[in-house]
Amino acid sequence: MKMKKFISAVLVATMVLSMMLTGCGDGGSAKKGEGEIFHIMAWNVEFKGFFETYFAEKHDDGEFYVGDAKVKWTIVPNEGGAYQDALDRALLNQENASEEERVDMFLAEADYIAKYVQSDSTMDVTKIGVTDFSNTYKYTVEAASDEKGVVKGVSFQCCPAGLVYRRSIALDVLGTDNPAEVQSKLDSWEKFNEVAALCKAKGYYMTASDGETYRTFSNNKTEAWVDADGNLVIDSAIQAWMDQSEMFRDNGYTILCDVWAEEKQPQMLDTGKTLCFFGPAWYYNFCMGNAMDTCKGDWGLCEGPQSYFWGGTWLLAATGCDNTKAVADTMNAFINNDEIVEKLVSEQSQFVNNQKINEKFASDPTYGNEFLGGQNDTALFVELAKNIKFQNTSKYDQLCNEGIQLYWREYLKGKVTKEQALENFRKYIKEKYPNVNTDK
Amino acid sequence: MKDNKPKVKSISYAKWGYIFIIPFFLVYFIFTFYPQVLTFYNSFFENFRDGLTQIGPRFVGFDNYKALLTPSDSGTIDILKYFGNTIIMWIMGAVPQFVIALLLAVFFTNTRLNIKGQGIMKTVIYMPNLIMASAFSMLFYTLFSNVGPIKPLLVQTGIIDQSFDFFFTTISVRGLVATLNFLMWFGNTTILLMAGIQAIDESLFESARLDGASSTRVFFNITMPLLKPIFVYTFITSMIGGLQMFDVPSVLTNAKGTPNRTVMTVIMYLNNYLGGSNNYGMAGAISVILFIVTAILSIIVFKTIDRDKG
């Protein structure tokens with residue numbers, strides 16, 4: 001009996017002690033110079049790939065390091081705001097987070113960068129040693145600055161976007177696959193719609209998803225999704241997209257599916273029957289990855305009916321970050337380290353956030369993108385980048401953009417009336433963002 | 001002699017009973033009762049995040065409930081619609097679930113049939129329940145999507161036409177949700193009902209058979225009446241689970257309840273308020289309404305099935 005009591009006493013004592021010790025351990029190691037773990041949050045692996053190939057060092061244990069800090073990634077997909085939710089939770093918990101969990105740097109997209117830049121969860125990067133923005137595009141710095149002009153991060157890419165067309169279909173339908181000539185036949189929405197009819201007549205699709213042209217329209221909005229008074233605004237540009245998609249549906253010019261849907265994938269392969277895709281450099285380098293294998297070279301790039309930009313990946317420094325040197329080094333490397341930035345262009349066909357390097361490639365007659373049949377895409381993007389203005393954005397953009405496309409598609413598919421589609425969209429926004437006034 | 005009677009009249013073991021159930025009550029109070037009270041409490045507050053800015057908590061009385069029960073522009077009260085969706089999908093799955101489970105339970109427990117390989121069969125029918133609901137739903141999504149293998153098959157045989165989209169048609173999405181729930185839960189129900197039937201005295205079946213009762217007669221006059229307590233229990237737990245339906249429809253419709261929100265369940269609606277803005281006020285109010293509706297329905301079911309007891 002005594003023995004049993006003794007044993008249980010010892011057990012209880014060990015439990016209590018171990019709890020106390022672990023508790024102390026966390027508190028003790030919280031603040032001392034550079035942290036051991038460089039924690040980065042992102043929504044996909046695009047930047048991770050570049051980071052591991054060109055910047056971080058791989059040690060013998062198979063892990064990547066920046067300085068002495070081990071790199072840890074947390075990747076949560078964007079869709080439905082899942083990434084923002086995870087990020088919000090992490091950022092609001094920075095003070096209590098353990099070394100493992102504390103976010104040092106995170107990636108943000110154009111749709112929601114404003115939310116983080118305007119908050120206290122990001123910090124002034126000029127104070128940690130990121131000061132030279134002379135080569136970057138101005139809009140990328142503006143997008144990462146708060147109202148007072150404090151810069152909270154940098155973008156490693158610049159995202160002017162264009163129209164990617166399939167050369168073989170262009171030859172068949174338009175009689176040419178020369179980018180300048182194709183552009184002259186597609187430089188307005190009227191001409192674009194006319195070519196759609198020509199495509200249909202020859203058995204092709206104009207676009208592979210009803211949302212394909214969405215970003216071109218939405219990026220030319222005259223008002224933000226949510227105005228200064230907190231009202232939801234359906235801009236005339238969005239209305240124009242809705243009208244166009246309806247007309248495309250009626251005439252069978254497109255496939256009724258999401259811009260990321262699987263139905264669209266076969267259209268990017270060698271069996272595809274679609275003339276136009278819309279997007280910036282990351283779109284055909286990263287998202288059309290499978291097309292690289294089956295129909296490389298059968299693609300061309302031109303400006304398209306309207307100039308626009310889409311997305312972009314900003315690296316932001318999180319408040320409470322304890323790896324400021326690693327964060328600053330990463331940011332500097334991806335905008336100002338000539339060697340790395342040049343490789344991003346020459347090996348990864350990126351359009352980088354460094355005007356000097358981009359212009360060097362733009363004027364290099366030997367440079368061409370294999371995917372685009374040797375066309376110098378950088379030369380075109382250098383011109384298009386001049387038009388980019390970061391404006392009419394709000395922190396609610398991601399779910400507004402996703403929601404309108406989804407609920408409108410229910411109308412396109414004939415499941416609801418126009419009014420119902422818009423009412424469902426308003427309901428969705430009201431549920432997600434109680435502060436937004438969604439009344440008509 | 002009387003003086004020799006022991007001072008303690010009887011040894012009370014009751015206190016051990018109480019001591020042994022203390023852990024349950026502790027866990028119940030901390031992890032169930034306290035959060036429940038907190039949910040009620042939260043439902044009276046405006047409490048959400050706008051971006052990274054916390055709004056509230058601010059006491060607003062019944063405003064959250066009012067917002068939920070106010071008809072929308074088109075005149076429908078949304079939460080009632082979502083209750084309707086949930087109950088319809090639950091019934092679509094529960095009816096076959098109970099019919100098949102009852103049949104199987106009767107077959108497996110029938111001593112005259114003496115079915116071989118019961119162990120394997122029980123494992124197999126229980127198997128779908130072991131797979132994560134989201135993985136199971138994802139599998140079905142892939143099978144029935146526009147690029148999945150089922151659609152071309154049905155198009156070629158002329159059953160559906162090319163423009164048919166399983167995930168944009170109310171009846172097919174609801175049907176898939178019901179099928180998945182049925183597949184996942186009929187094994188569980190079978191095993192519970194079997195346990196119930198096995199608890200019935202075998203001699204009753206034997207004497208009924210000796211008296212020449214048919215199998216149907218035995219089922220309705222012996223099995224069902226004696227199985228009732230267990231049957232009511234499984235039915236009510238299935239209903240409570242059904243009202244809280246979330247994972248399957250959410251994965252199949254990408255959390256949107258497409259088409260026209262006809263597959264949106266109450267918990268998916270609640271989840272819309274939680275994701276994005278952490279709206280504890282509205283989510284709390286929905287939970288409370290769900291709690292009340294569940295309680296009322298359970299009482300109704302209990303009273304109806306158990307009516308002729310006394």
Side-chain angles (χ1 to χ4, degrees), chain A residues 79-82 84-89 91-92 112 114-116 118-122 230 255-258 261-266 394-396 398-399 402-403 406-407 409-417 419-424 426-436 438-440, chain B residues 46-56 63-64 67-68 72-76 78-79 81-82 141-142 145-148 151 162-165 167-170 173 250-251 253-262 264 268-283 286:
Chain A
E79 202 180 357
Q84 287 192 60
D85 289 348
L87 193 54
D88 292 354
R89 266 198 299 279
L91 292 177
L92 292 171
Y112 46 82
K115 170 173 158 190
Y116 297 102
Q118 311 288 0
S119 77
D120 295 332
S121 294
T122 44
I255 300 169
L256 296 182
C257 67
D258 186 69
E262 268 185 77
E263 286 106 302
K264 192 180 137 180
Q265 298 299 322
S394 77
K395 57 185 170 188
Y396 310 107
Q398 189 196 350
L399 295 187
E402 274 182 25
L406 189 118
Y407 287 110
R409 187 164 307 113
E410 292 192 1
Y411 165 67
L412 294 179
K413 290 233 181 198
K415 300 299 168 192
V416 293
T417 63
E419 291 71 33
Q420 277 174 323
L422 291 177
E423 195 192 328
N424 284 340
R426 288 174 192 279
K427 278 182 194 165
Y428 175 68
I429 295 303
K430 189 73 199 169
E431 284 158 18
K432 289 290 186 181
Y433 302 125
N435 248 12
V436 176
T438 56
D439 297 337
K440 272 182 264 184
Chain B
E46 176 187 68
N47 179 2
F48 62 89
R49 270 203 325 254
D50 181 41
L52 289 163
T53 327
Q54 176 64 35
I55 312 273
D63 279 8
N64 291 331
L68 283 175
S72 65
D73 295 347
S74 54
T76 51
D78 288 335
I79 192 164
K81 178 179 164 185
Y82 306 141
Y141 180 81
T142 321
S145 83
N146 279 334
V147 287
K151 192 175 163 183
Q162 184 58 44
S163 65
F164 186 83
D165 189 331
F167 295 100
F168 271 91
T169 311
T170 305
V173 191
S250 184
V251 170
T253 65
N254 217 342
K256 302 290 192 300
T258 357
N260 196 17
R261 301 195 143 207
T262 48
M264 177 85 73
M268 283 166 75
Y269 184 51
L270 181 151
N271 196 49
N272 262 358
Y273 281 105
L274 275 186
S277 62
N278 258 28
N279 197 336
Y280 290 130
M282 290 297 263
I286 297 175

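Residue numbering restarts at 1 for every chain, and letters A, B, ... go by the order of the sequence lines. These numbers were taken from a predicted model, which means no experiment stands behind them.
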- Message: Working to the nearest 0.5 angstrom, can you tell me the gap between Arg409(A) CZ and Asp165(B) CG?
- Response: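 Rounded to the nearest 0.5 Å, the CZ-CG separation comes to 10.0 Å.
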- Nearest 0.5 Å please: distance from the OH atom of Tyr428(A) over to the NZ atom of Lys256(B). 4.0 Å
- Query: What option among Asn272(B), Ile55(B), Val147(B) has the most heavy-atom pairs under 4.5 Å with chain A?
  - Reply: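 Of Asn272(B), Ile55(B), Val147(B), Asn272(B) has the most heavy-atom pairs under 4.5 Å with chain A.
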- Asn260(B) and Lys415(A): side chain to side chain contact (heavy atoms under 4.5 Å, CB included), yes or no, with the steps? CA-CA 7 Å; Asn260(B) 196 17; Lys415(A) 300 299 168 192; 5.6 Å; no
Report which part of [X] has an atom under 4.5 Å of a heavy atom belonging to chain A: side chain, backbone, both, or neither.
X: Tyr273(B); result: both
X: Asp78(B); result: side chain
X: Leu274(B); result: neither

- Query: With only heavy atoms counted, which part of Gln84(A) is less than 4.5 Å from chain B, the side chain, the backbone, both or neither?
  - Reply: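 When you check distances to chain B, no heavy atom of Gln84(A) falls under 4.5 Å.
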- Query: At a heavy-atom separation under 4.5 Å, does Lys413(A) approach chain B through its side chain, its backbone, both, or neither?
  - Reply: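 Looking at Lys413(A), just its side chain touches chain B.
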- Query: Crowded around Tyr280(B) OH? As in, over 12 foreign heavy atoms under 6.0 Å?
  - Reply: no
- Item | Among the listed options Tyr411(A), Tyr433(A), Tyr407(A), Tyr112(A), the residue most often paired with chain B at heavy-atom distances under 4.5 Å | Tyr407(A)
- Message: Looking only at heavy atoms and a cut-off of under 4.5 Å, which of Gln420(A), Lys115(A), Lys427(A) has the most pairs with chain B?
- Response: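 Looking at each of Gln420(A), Lys115(A), Lys427(A) in turn, Lys427(A) comes out on top.
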- Flag side-chain contact, heavy atom, 4.5 Å: Lys432(A) against Asn279(B):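 No, their side chains stay 4.5 Å or more apart.
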- Query: Heavy atoms, side chains only, cut-off 4.5 Å: are Asn254(B) and Glu79(A) in contact?
  - Reply: yes
- Task: Decide side chain to side chain contact (heavy atoms under 4.5 Å, CB included) for Lys395(A) and Asp50(B); before the verdict, give the C-alpha distance in whole Å, the side-chain angles of both, and the deciding distance to 0.1 Å.
- Result: CA-CA 9 Å; Lys395(A) 57 185 170 188; Asp50(B) 181 41; 3.4 Å; yes
- Note on the structure: Heavy-atom closest pair (Leu52(B) atom, Leu92(A) atom, distance to 0.1 Å) is O-CD2, 4.0 Å
- Query: Would you call Glu262(A) and Lys151(B) a salt bridge, using N to O less than 4.0 angstrom?
  - Reply: no
